Chemist: 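Can you read through this structure? Questions will come right after.
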Amino acid sequence: QAAYQRDVTDPYKAELEKLKLQYLTSIDTGIMKASDAGDLNGAVAWRNEQKRFVETNDVPAQDETSDFLPVKQLRAGWRVQIGRMEKDRATRAKALLARYDQALAQAQTQLTQAKRLDDALLVKAKRDEIATTWLAGIAAPAPPPSVAPEKPLPQPAAQRAAPPNEVV
């Protein structure tokens, strides 16, 4: 658990805090630029985004069509960064899990060979528990886009199934 915290969780949290600070700094810059240009609507849009972000510490999954374009662009950058960070976290978690699981697999094998089956079962259960815990919340790759099934080609009359009482 300590290794997972050190190698996976802590780096992710540090990077997330850095990203949040960058986001708020960008918002502050947007407010300043809009205010200096006398753009009341822009300044208010930036201020509203600042308030929303401070309350939620996140960006919405989807933008509204009425959202201010520069805010949408900033959110898009956030989403790209978060996606990269999630991918990095998953890579680190899987690498650490692989090393740890390898050690547990060796112990499981040795216990099984020594006919200590109950102990081997405990190690197996621990391997499963750790895999589930460590990979929980790690984004799974998106499923491929669904493709509409093609219409089946019409079969020639001779290949069609005959009704049960009909002779072909």
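Basis for what follows: all heavy atoms, side chains included, without hydrogens, waters or symmetry-related copies. Everything numeric here is computed off the predicted structure, so don't read it as measured data.
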Chemist: From Gln50 CD over to Ile31 CD1, what is the distance, rounded to the nearest 0.5 angstrom?
Modeler: 4.0 Å
Chemist: Testing the basics here: between Leu97 and Ile130, what is the closest heavy-atom pair and its distance to 0.1 Å?
Modeler: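 For Leu97 and Ile130, the tightest heavy-atom pair comes out as CD1-CG2, 3.7 Å.
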Chemist: Do Pro70 and Trp46 touch side chain to side chain, with heavy atoms closer than 4.5 Å?
Modeler: yes
Chemist: Pick out which of Arg92, Glu86, Arg89 makes a side chain to side chain donor-acceptor pair (under 3.5 Å) with Tyr12.
Modeler: Glu86
Chemist: Check side chain to side chain donor-acceptor pair (under 3.5 Å) between Thr56 and all other residues, then give those that pass, not counting sequence neighbours.
Modeler: Arg52
Chemist: Donor-acceptor pairs under 3.5 angstrom involving side-chain atoms of residues 58-65: please list them, not counting sequence neighbours.
Modeler:
unit_1 : atom_1 : unit_2 : atom_2 : d
Asp58  : OD1    : Trp78  : NE1    : 3.4
Asp63  : OD1    : Arg75  : NH1    : 2.9
Asp63  : OD1    : Arg79  : NH2    : 2.9
Asp63  : OD2    : Arg79  : NH1    : 3.3

Chemist: Aromatic rings Phe53 and Tyr23: how do their planes relate, parallel, tilted or perpendicular, breaks at 30° and 60°?
Modeler: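 Answer is tilted, since the angle falls between 30° and 60°.
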Chemist: For Gly42 versus Ala34, what's the shortest heavy-atom pair and its separation?
Modeler: C-CB, 3.8 Å
Chemist: Test of understanding: with side chain to side chain donor-acceptor pair (under 3.5 Å), list the residues that count as partners of Arg127, not counting sequence neighbours.
Modeler: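 Asp101, Gln108.
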Chemist: In the structure I gave you, are the side-chain heavy atoms of Tyr100 and Trp134 within less than 4.5 Å of one another anywhere?
Modeler: yes
Chemist: Testing the basics here: between Ser26 and Leu74, what is the closest heavy-atom pair and its distance to 0.1 Å?
Modeler: CB-CD1, 3.7 Å
Chemist: Test Glu15 against every option in Arg84, Lys87, Lys20 by the salt bridge (Lys or Arg N to Asp or Glu O under 4.0 Å) rule and name the one that passes.
Modeler: Arg84
